[in-house]
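Just so it is clear, the model here is predicted, and its values are computed rather than measured. Start at 1 and go down the list; that is how both ligands and their atoms are numbered.
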Amino acid sequence: MPHKLLTQIAQAVTNGEREPAVAHTRAALAAGIEPLAVIDEGLVPGIREAGDRFQCGDYFLPNLIASARAMSASMEVVEPELRARQQVARRLGTVVIGTVKGDIHEIGKSLVATMLAASGFEVHDLGVDVPIERFVSAAREHDATLVGMSALLTTTMGGQRKVIEALTAAGLRDRVKVMVGGAPVSERWAEQIGADGYAEDAVAAVALARRLVGAGNG
Ligand code: B12
């Protein structure tokens with residue numbers, strides 16, 4: 001049974017109630033609930049429920065937008081706490097991350113970026129709707145060890161393959177590891193497009209990133 005506050009957070013996000021979502025999030029942190037639990041057991045189930053309702057036609061786009069705003073506003077409260085709790089001594093690697101072209105889904109990508117930064121990676125977040133060339137130029141500019149790409153739409157997943165092809169064409173592919181994620185993405189898709197790894201959530205993304213740079217699981 002999740003904590004009552006976590007259930008309230010989830011409900012507020014699902015209902016698209018921004019102020020209550022933020023207030024419950026603050027209350028949960030003040031009550032000593034771990035930031036990661038606030039995300040995994042409160043915010044994420046809340047936005048998933050909104051997505052399910054959207055899919056079956058109970059919710060329309062404005063509902064989904066309200067839920068996303070409630071979630072993003074609450075994430076802004078959690079993020080500093082998340083960072084503050086991770087004491088990081090060394091730099092594990094440099095990550096360039098973004099959501100592929102044509103896709104404006106930001107929440108999951110930003111969560112992965114935050115968790116990577118909190119775990120000791122230098123992170124350059126390119127944002128959403130990122131053109132193929134921008135991934136390549138940023139990888140070069142920051143001498144990236146990892147490139148991470150998010151795609152939430154079946155229609156934009158192909159962009160991940162295109163970025164890998166562009167990295168190869170630019171002669172960078174043997175210098176960077178590529179990881180992919182997002183709701184429609186799978187291990188199998190990652191293999192098909194020649195990525196180095198796939199992770200289903202932000203915690204798994206950190207483990208994957210550590211493995212790809214040879215930093216172990218510690
Ligand atoms: C919130 C949301 C929106 C918000 C986004 C707001 C924002 N600022 O991000 C808004 C309302 C704008 C939106 C718009 C649209 N959306 Co939308 N959206 C969602 C929803 C409900 C939740 C996504 C989310 O934030 N999840 C929470 C986060 C934490 O999870 P996540 O994104 O999956 O990320 C985690 C993992 O995937 C992984 N991960 C993610 N990225 C990466 C990257 C790397 C490198 C790694 C390793 C891991 C990783 O780790 C993350 C953290 O745990 C999903 C439903 C769903 N089930 O996914 C639909 C969903 C993705 N949307 C959908 C659709 C159709 C749309 C629209 C086309 C709707 C429309 N008719 O206009 C537009 C598209 C606009 C565009 N061009 O991009 C469909 C996609 C269907 C499909 N298969 O293609 C979904 C699945 C809803 C549905 N069931 O129909 N959406």
- Quick one: which of Ala195, Gly46, Gly181, Ser150 has a heavy atom closest to atom 46 (C) of ligand 1? Gly181
- A student checking ligand 1 against Ala199 at a 4.0 Å heavy-atom cut-off should list atoms 47 (C), 48 (C)
- Item | For atom 7 (C) of ligand 1, the protein heavy atom that lies nearest, with its residue and separation | Glu106 N, 3.7 Å
- So do the side chains of Leu82 and Ile39 get within less than 4.5 Å of each other, counting heavy atoms only? yes
- Message: Give me the residue, atom name and distance of the protein heavy atom closest to atom 79 (C) of ligand 1.
- Response: Leu153 CD2, 4.3 Å
When the side chains of residues 167-186 are checked against the rest of the protein, which donor-acceptor pairs come out under 3.5 Å, sequence neighbours left out?
| unit_1 | atom_1 | unit_2 | atom_2 | d |
| --- | --- | --- | --- | --- |
| Thr168 | OG1 | Ile164 | O | 2.9 |
| Arg173 | NH1 | Val176 | O | 2.8 |
| Arg173 | NH1 | Asp196 | OD2 | 3.1 |
| Arg173 | NH2 | Gly194 | O | 2.9 |
| Arg173 | NH2 | Asp196 | OD1 | 3.4 |
| Arg173 | NH2 | Asp196 | OD2 | 2.9 |
| Ser186 | OG | Arg188 | N | 3.4 |
| Ser186 | OG | Trp189 | N | 3.1 |

- Is Ala68 close to ligand 1, meaning an N/O of one under 3.5 Å from an N/O of the other? no
- Item | Ligand-residue contact atoms, ligand 1 with Gly182, heavy atoms, under 4.0 Å | 37 (O), 39 (N), 40 (C), 41 (N), 42 (C), 49 (C)
- Check: Ser74 and Ile9 side chains under 4.5 Å, non-hydrogen atoms: no
- Query: Is atom 10 (C) of ligand 1 less than 4.0 angstrom from at least one protein heavy atom?
  - Reply: no
- Task: Determine, counting only non-hydrogen atoms of the protein, whether one lies under 4.0 angstrom from atom 67 (C) of ligand 1.
- Result: no
- Side-chain contact test, heavy atoms from C-beta onward, threshold under 4.5 Å: evaluate it for Thr99 versus Leu152 and give yes or no. no
- Can you find an N/O atom of Ala202 closer than 3.5 Å to an N/O atom of ligand 1? yes
- Query: For ligand 1, which atoms have a heavy atom of Gly148 less than 4.0 angstrom away?
  - Reply: 45 (C)
- Task: Could you name the option among Glu49, His105, Met149, Gln55 that has the heavy atom nearest to atom 18 (N) of ligand 1?
- Result: His105
- Task: If you have a sec, work out which protein heavy atom is nearest atom 25 (O) of ligand 1 and how many Å separate them, to one decimal?
- Result: Ile107 CB, 3.4 Å
- Message: Quick check: closest heavy atoms across Ser150 and Gln160, and the distance to 0.1 Å?
- Response: C-NE2, 3.8 Å
- Under 4.0 Å to a heavy atom of Ile65 - the qualifying atoms of ligand 1, by number: 11 (C)
- Message: In this structure, would Leu212 and Val163 fall into the same cluster of hydrophobic residues linked by side-chain contacts under 4.5 Å?
- Response: no
- Item | Which atom of Ala205 lies closest to which atom of Val112, heavy atoms considered | CB-CG1, 3.8 Å
- Message: Starting from atom 90 (O) of ligand 1, what is the nearest protein heavy atom, named by residue and atom, and what distance separates them?
- Response: Phe54 CD2, 3.7 Å
- Message: If we only consider heavy atoms of Ala50, is any one of them less than 4.0 Å away from an atom in ligand 1?
- Response: no
- Message: I want to check something: taking the side chain as every heavy atom from C-beta on, are Glu165 and Ile132 in contact at a cut-off of under 4.5 Å?
- Response: no
- Query: Would you call Leu61 a ligand 1 contact, heavy-atom distance under 4.0 Å?
  - Reply: yes
- Query: So which heavy atom in the protein is nearest atom 1 (C) of ligand 1, and how far is it from that ligand atom?
  - Reply: Ile47 CD1, 3.8 Å
- In the protein, which heavy atom is nearest to atom 84 (O) of ligand 1, and how far is it? Thr154 N, 2.9 Å
- Any Ser72 heavy atom less than 4.0 Å to ligand 1: no
- Message: Less than 4.0 Å from atom 56 (C) of ligand 1, is there any heavy atom belonging to the protein?
- Response: no
- Query: Do the side chains of Val95 and Val147 get nearer than 4.5 Å, heavy atoms only?
  - Reply: no
- Sub-4.5 Å side-chain heavy-atom contact between Ser67 and Tyr59: yes
- Task: Evaluate the 4.0 Å heavy atom contact test for atom 16 (N) of ligand 1: does a protein atom fall under the cut-off?
- Result: yes
- Query: Where is the tightest heavy-atom contact between His142 and Thr94, given as atom of each residue plus distance?
  - Reply: O-CG2, 3.8 Å
- Which pair of heavy atoms, one from Val100 and one from Ala151, lies closest together, and at what distance? CG2-CB, 3.8 Å
- Under 4.0 Å from atom 86 (C) of ligand 1, do we find at least one protein heavy atom? no
- Message: Within the structure provided, determine whether Leu61 and Phe54 are in side-chain contact (heavy-atom separation under 4.5 Å).
- Response: yes
- Query: Just to confirm, does any protein heavy atom lie below 4.0 Å from atom 21 (C) of ligand 1?
  - Reply: yes
- Between CG of Asp40 and CG of Asp201, what distance do you get to the nearest 0.5 Å? 6.5 Å
- Item | Nitrogen or oxygen atoms of Thr155 and ligand 1 under 3.5 Å apart | no
- Val77 vs Val22 side-chain heavy atoms within contact, under 4.5 Å: yes
- Note on the structure: When every non-hydrogen atom of Ala209 is compared with those of Leu146, the smallest separation belongs to CB-CD1, 3.7 Å
- Message: Taking CZ in Arg53 as the centre, count heavy atoms belonging to other residues, nucleotides or ligands within less than 6.0 Å. Is the count above 12?
- Response: yes
- Query: atom 29 (C) of ligand 1: which of Val44, Val95, Ile97, Leu152 has the nearest heavy atom?
  - Reply: Val44
- Which ligand 1 atoms are under 4.0 Å away from a heavy-atom of Ala205? 47 (C)
- Ranked by distance from atom 77 (N) of ligand 1, the top protein heavy atom is Gly102 O, 3.0 Å
- Message: Can you name the atoms of ligand 1, numbered from 1 with element, that are less than 4.0 Å from a heavy atom of Asp201?
- Response: 38 (C), 50 (O), 53 (O)
- Message: Just to be sure I'm reading this right: ignoring hydrogens, which of Met179, Arg48, Met75, Glu200 gets closest to atom 30 (O) of ligand 1? Compare them by their nearest heavy atoms.
- Response: Arg48
- Query: How far is atom 12 (C) of ligand 1 from its nearest protein heavy atom, and which residue and atom is that?
  - Reply: Ile104 CD1, 4.0 Å
- Message: Between Phe121 and Val213, does the side-chain contact (heavy atoms from CB on, under 4.5 Å) criterion hold? Intermediate values first, please.
- Response: CA-CA 10 Å; Phe121 288 88; Val213 300; 4.0 Å; yes
- Numbering as shown, the atoms of ligand 1 that approach Asp103 to under 4.0 Å (heavy-atom distance): 78 (O)
- Message: If the cut-off is 4.0 Å to any non-hydrogen atom of Ala183, which atoms of ligand 1 fall inside it?
- Response: 33 (O), 37 (O), 58 (O)
